[in-house]
Amino acid sequence: LTYFLTSIAEDGIGGANAIFEARFGWSVRELRVLRLVRENPNMTFTRLAERTKFERSLTSRTVSALIKAGLISRTNSPSDARVFTLRVTE
């Protein structure tokens with residue numbers, strides 16, 4: 001069942017994704033992450049993964065691409081090295 005739901009979602013996103021990448025240079029997933037981080041400053045990576053319902057590895061790759069592009073920044077927690085927060089850059 002999970003496979004079929006994922007397949008249906010991918011089919012639905014596929015066409016929109018091509019349009020967004022051609023027009024803006026970013027995928028639907030990347031824009032979704034950017035919007036969530038903008039709406040929730042200092043969101044933790046864990047919370048972002050929960051909200052997007054992406055696998056952690058996909059969330060990590062998406063966040064890394066947005067950081068590399070200078071669109072979001074990462075701040076490590078001073079009390080726990082495993083935790084970091086995300087913010088949209090100005």
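Quick caveat, the model's predicted, so the values are computed rather than measured. What's counted below: heavy atoms across the whole structure, side chains too, no hydrogens, waters or symmetry copies.
The line from CH2 of W26 to CG of L34 is 8.5 Å long, rounded to the nearest 0.5 Å. From L48, atom CG reaches atom CZ of F54 across 8.0 Å, with rounding to the nearest 0.5 Å. Residue I72 holds its CD1 atom at 13.0 Å from CZ of R38, rounded to the nearest 0.5 Å.
The two atoms that bring R32 and R51 nearest to each other are NH2-O, 3.4 Å, heavy atoms only. The shortest non-hydrogen separation linking E30 to S27 is OE1-N, 2.8 Å.
Atom CZ of F20 is surrounded by 12 or fewer heavy atoms from other residues, nucleotides or ligands within 6.0 Å.
Looking only at distances, no side-chain donor or acceptor of S60 sits under 3.5 Å from a matching main-chain atom of R56.
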Starting from the C-alpha separation in whole Å, work towards a yes-or-no answer on side-chain contact (heavy atoms from CB on, under 4.5 Å) for T52 and V33. CA-CA 7 Å; T52 60; V33 166; 4.1 Å; yes
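Taking the salt bridge (charged side-chain N to carboxylate O under 4.0 Å, His left out) definition, one finds that R35 meets it with E39, sequence neighbours left out. The salt bridge (charged side-chain N to carboxylate O under 4.0 Å, His left out) search around R47 returns E50, not counting sequence neighbours.
Side-chain atoms of T46 and T44 form no donor-acceptor pair, as typed in the model, at a separation below 3.5 Å.
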Identify all side-chain donor-acceptor contacts of residues 81-90 below 3.5 Å with residues at least two apart in sequence or on another chain.
| residue | atom | partner | partner atom | Å |
| --- | --- | --- | --- | --- |
| R82 | NE | D80 | OD1 | 3.0 |
| R82 | NH2 | D80 | OD2 | 3.1 |
| T89 | OG1 | G70 | O | 2.6 |
| T89 | OG1 | L71 | O | 3.2 |

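Partner R74 forms a side chain to side chain contact (heavy atoms under 4.5 Å, CB included) with one of L66, V63, I67 and no other, that one being I67.
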